[in-house]
Student: 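One structure, as structure tokens, below. Some questions next.
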Amino acid sequence: MSFEVLDGGMLALLQDPGRYGYQHIGVTTGGPMDEHAFRWANRLLANPPEAAQIEINIGKLSLLAHEDTCIALTGADLGAQINGEAAAPWHTYQIHRGDRIEFGMPVAGLRAYLAVAGGLKPTVKLGSCATVVREGLGGLDGRGQKLAKGDCIGFDRSHPKTMASLPAGEIPDYNQDLHIGVIPSYQYAHFSAGERMKFFTGCYEVSQRIDRMGYRLTGDPIHSELDGIISEGIAYGAIQVPSDGQPIVLMKDRQTIGGYPKIGCLSALDAGQLAQRGPGTRIRFYLADVAEAEAQRAIFNHKLETFKPSLAGP
């Protein structure tokens, strides 16, 4: 039972929640750029939370099903089609042997997620299949390669699932600008009151320089009182400020250590929302705290745990 890749598209990667416990030896976590969409894809199918999926970056992936199954599509609207008919995100779909699943280009958001009932079955390296191309880890055979024409992605035979869809009120609008919280941390105290005010009252734009390692923003530059720091471990969502004063938000494939001052950190869910925004999106920050991030996460987890599939299909 498998999907055959007919066209690997721009960048399609196998991902699970990530590779943890190895940053001390320089191995980053990897994992889904948008955890909100990833978690919902598995929940719509009643999959285990750690079940592997395909992350489709930008689009153009094309798959052929070699067995009946059920899939969930979440995240970005990449103009997906099943046998030439539109397949909107945030729904599950019955798939039959011989069906073709194809993705176009972004309509809203940048990264879509395709989960299959029971989860995909890739090779696991260091406890995860999360694909980090730079490190040569994860993916279909464990060598960190993106999906390519001719690949066959295995999955377990499963019974058809009840059709499910996410309530409209839970679906994010990826075309909206962002206003997201920053938890003060790292070298926050080494940014003067004036520089902090500039950061929290200014407006930044997502630049063209974005990838799975980091999002470089452009706007009114800010500067730390420190010229540099001794390299230290870097958390997901950390906002580092290099000498040009333009903030960089570090994402799932970030390096594990760095020597630039960091003004604070985004929560995992907020970093995931940033990951769906393309160049030109405006970003504003506000001062947040750990309690707010924990409450945000607790609410999200509760919604996942209490969600019950709808009988109405898409």
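Predicted model only: the values in this text are computed from it and were never measured.
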Student: Would Leu250 and Ile283 show up in the same hydrophobic cluster when neighbours are defined by side-chain heavy atoms closer than 4.5 Å?
Tutor: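 Hydrophobic grouping puts Leu250 apart from Ile283.
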Student: Please find out if less than 6.0 Å separates the ring center of Tyr286 from that of His179.
Tutor: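 Here the rings of His179 and Tyr286 have centres that are less than 6.0 Å from each other.
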Student: Just verifying a value: how many Å separate Ile101 CD1 and Ser62 OG, rounded to the nearest 0.5 Å?
Tutor: 9.0 Å
Student: Inspect the contact between Lys146 and Glu55 and indicate whether a charged nitrogen and a carboxylate oxygen are less than 4.0 angstrom apart.
Tutor: no
Student: If we ignore hydrogens and angles and just use 3.5 Å, is the side chain of Thr74 paired with the main-chain N or O of Ala37 as donor and acceptor?
Tutor: yes
Student: Treating Ile, Leu, Val, Met, Phe, Trp and Tyr as nodes and any side-chain heavy-atom pair under 4.5 angstrom as an edge, say whether Leu64 and Val116 lie in one connected cluster.
Tutor: no
Student: Has Arg196 got its NZ or CZ under 6.0 Å from the middle of the six-membered ring of Tyr188, at an angle within 45 degrees of the ring axis?
Tutor: yes
Student: Between Tyr174 and Leu110, is any pair of side-chain heavy atoms under 4.5 Å apart?
Tutor: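 No, side chains not in contact.
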Student: Within a strict 4.5 Å, meaning less than it, do heavy atoms of the Gln53 and Leu114 side chains meet?
Tutor: no
Student: Measure the spacing between CG of Leu166 and NZ of Lys303 and express it to the nearest 0.5 Å.
Tutor: 9.5 Å
Student: Please determine whether side-chain contact (heavy atoms from CB on, under 4.5 Å) holds for the pair Ile239 and Val182, giving the CA-CA distance in whole Å, both sets of side-chain angles, and the decisive distance to 0.1 Å.
Tutor: CA-CA 9 Å; Ile239 304 172; Val182 173; 3.7 Å; yes
Student: Same cluster for Leu126 and Val124 if Ile/Leu/Val/Met/Phe/Trp/Tyr side chains link at under 4.5 Å?
Tutor: no
Student: Is a side-chain donor or acceptor of Asn301 paired with a backbone partner of Leu304 at a separation under 3.5 angstrom?
Tutor: no
Student: Inspect the contact between Glu294 and Arg297 and indicate whether a charged nitrogen and a carboxylate oxygen are less than 4.0 angstrom apart.
Tutor: no
Student: With a sphere of 6.0 Å drawn around CG of Asp173, does it hold more than 12 non-hydrogen atoms of other residues, nucleotides or ligands?
Tutor: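 More than 12 within 6.0 Å, yes.
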Student: Using the rule given for side-chain contact (heavy atoms from CB on, under 4.5 Å), can you reason through Met251 versus Met213, listing the C-alpha separation, both sets of side-chain angles and the distance that settles it, and then say yes or no?
Tutor: CA-CA 5 Å; Met251 305 300 268; Met213 284 186 66; over 6 Å; no
Student: On a heavy-atom basis, which atom in Ile229 and which in Tyr260 lie closest, and how many Å separate them?
Tutor: CD1-O, 3.4 Å
Student: Same cluster or not: are Ile210 and Met10 linked, directly or through other Ile, Leu, Val, Met, Phe, Trp or Tyr residues, by side-chain heavy atoms under 4.5 angstrom apart?
Tutor: yes
Student: Using side-chain hydrogen bond (donor to acceptor under 3.5 Å, both in side chains), reason through Asp141 and Thr123 one step at a time and then give a plain yes or no.
Tutor: CA-CA 5 Å; Asp141 60 6; Thr123 299; over 6 Å; no
Student: Which pair of heavy atoms, one from Ala288 and one from Pro184, lies closest together, and at what distance?
Tutor: O-CD, 3.1 Å
Student: Taking the six-membered ring of Phe103, is NZ or CZ of Lys60 closer than 6.0 Å to its centre and within 45° of its axis?
Tutor: no
Student: Report yes if the side chains of Ile54 and Leu63 come closer than 4.5 Å at any heavy-atom pair, otherwise no.
Tutor: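 Result yes, sub-4.5 Å side-chain heavy-atom pair found.
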Student: Quick check, are the ring centers of Trp40 and Phe307 under 6.0 angstrom apart?
Tutor: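 So the answer is yes for these two rings.
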Student: Quick one: closest heavy-atom pair of Thr92 and Cys70, and the distance?
Tutor: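 Minimum heavy-atom separation between Thr92 and Cys70: CB-SG, 4.1 Å.
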Student: With side chains defined as the heavy atoms from C-beta onward, is the minimum distance between Thr28 and Arg254 less than 4.5 Å?
Tutor: yes
Student: Okay, side chain of Lys252, backbone of Pro32: is any donor-acceptor separation there less than 3.5 Å?
Tutor: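 Checking the backbone N and O of Pro32 against the side chain of Lys252, a donor-acceptor pair under 3.5 Å is found.
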Student: Between Asp99 (side chain) and Ala65 (backbone), is there a donor-acceptor pair under 3.5 Å?
Tutor: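 Checking the backbone N and O of Ala65 against the side chain of Asp99, no donor-acceptor pair under 3.5 Å is found.
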Student: Is a donor from one side chain sitting under 3.5 angstrom from an acceptor on the other, for Asn57 and Arg111?
Tutor: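 Arg111 and Asn57 do have a side-chain donor-acceptor pair below 3.5 Å.
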Student: Looking at Tyr215 and Val206, would you say the former's side chain and the latter's main chain have a donor-acceptor pair under 3.5 Å?
Tutor: no
Student: Enter the distance from Ile234:CD1 to Gln23:CD here, rounded to the nearest 0.5 Å.
Tutor: 9.5 Å
Student: Would you please say whether a donor-acceptor pair under 3.5 Å links the side chains of Gln296 and Ser267?
Tutor: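 Gln296 vs Ser267: donor-acceptor pair found between side chains.
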Student: Measure the shortest side-chain to side-chain distance between Leu61 and Glu102 over non-hydrogen atoms and say whether it is less than 4.5 angstrom.
Tutor: no
Student: Give, for atom CD1 of Ile95 and atom CZ of Arg100, the distance between the pair rounded to the nearest 0.5 Å.
Tutor: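 Going from the CD1 atom of Ile95 to the CZ atom of Arg100 covers 13.0 Å.
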Student: Considering only NZ, NE, NH1 and NH2 on the basic side and carboxylate oxygens on the acidic side, decide whether Asp253 and Arg134 come within less than 4.0 Å.
Tutor: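 Not counted as a salt bridge, because no side-chain N and carboxylate O are separated by less than 4.0 Å.
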Student: For the residue pair Asn42 / Glu50, report whether a side-chain donor-acceptor contact shorter than 3.5 Å exists.
Tutor: no
Student: Walk me through whether Leu137 and Thr131 qualify under side-chain contact (heavy atoms from CB on, under 4.5 Å).
Tutor: CA-CA 6 Å; Leu137 278 175; Thr131 310; over 6 Å; no
Student: Looking only at heavy atoms, what is the nearest atom pair of Tyr186 and Ala238, with distance?
Tutor: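 Closest approach of Tyr186 to Ala238: CE1-CB, 3.8 Å.
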Student: Can you check whether Phe199 and Phe191 have ring centres sitting under 6.0 Å from each other?
Tutor: no
Student: Before accepting this row, confirm whether a basic side-chain N of the pair Arg39/Asp34 lies closer than 4.0 Å to the acidic partner's carboxylate O.
Tutor: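 Salt bridge absent between Arg39 and Asp34.
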Student: Quick one, Leu178 and Arg277 - any side-chain contact, counting heavy atoms below 4.5 Å?
Tutor: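 Heavy-atom side-chain distance check passes, below 4.5 Å.
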Student: Would you say the side-chain atoms of Asp177 pair up with the backbone N or O of Thr281, donor to acceptor, closer than 3.5 Å?
Tutor: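 Between the backbone of Thr281 and the side chain of Asp177 there is no qualifying donor-acceptor contact (under 3.5 Å).
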Student: Is the shortest heavy-atom distance from the side chain of Met33 to the side chain of Leu274 under 4.5 Å?
Tutor: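 No - every pair of side-chain heavy atoms lies 4.5 Å or more apart.
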Student: Can you name the closest pair of heavy atoms from Ala130 and Gly18 and give their distance?
Tutor: CB-CA, 4.0 Å
Student: Measuring from atom CD of Gln246 to atom OH of Tyr204, what distance do you get when rounded to the nearest 0.5 angstrom?
Tutor: 7.0 Å
Student: Between the main-chain N or O of Arg209 and the side-chain N or O of Ser207, is there a donor-acceptor pair closer than 3.5 Å?
Tutor: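 Here the side-chain-to-backbone pair exists.
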Student: So, are Glu232 and Lys262 salt-bridged, with charged N and O less than 4.0 Å apart?
Tutor: yes
Student: Determine whether Phe3 and Leu140 fall in the same hydrophobic cluster, where Ile, Leu, Val, Met, Phe, Trp and Tyr are linked whenever their side-chain heavy atoms lie under 4.5 Å apart.
Tutor: yes
Student: Do His36 and Trp90 have ring centroids that are under 6.0 Å from one another?
Tutor: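 Aromatic pair counts; centres sit under 6.0 Å.
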Student: Just wondering, are more than 12 heavy atoms of other shown residues or ligands nearer than 6.0 Å to CE in Met197?
Tutor: no
Student: Find the distance between CG (Asp77) and CG (Asn175) and round it off to the nearest 0.5 Å.
Tutor: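 The CG atom of Asp77 sits 9.5 Å away from the CG atom of Asn175.
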Student: Assess whether salt bridge (charged side-chain N to carboxylate O under 4.0 Å, His left out) is satisfied between Asp156 and Lys121, documenting all intermediate values.
Tutor: CA-CA 8 Å; Asp156 285 338; Lys121 303 301 177 185; 3.3 Å; yes
Student: We want to know whether His223 and Glu195 form a side-chain donor-acceptor pair, criterion being a heavy-atom distance below 3.5 angstrom.
Tutor: no
Student: Taking the side chain as C-beta and beyond, is there a heavy-atom pair between Gln187 and Leu226 under 4.5 Å?
Tutor: yes
Student: What are the two closest heavy atoms between Val241 and Ile222, and how far apart are they?
Tutor: CG1-O, 3.3 Å
Student: Show, in sequence, the C-alpha distance, side-chain angles and deciding distance for Phe300 and Leu269, and conclude whether the side-chain contact (heavy atoms from CB on, under 4.5 Å) test is met.
Tutor: CA-CA 9 Å; Phe300 173 63; Leu269 292 176; 3.8 Å; yes
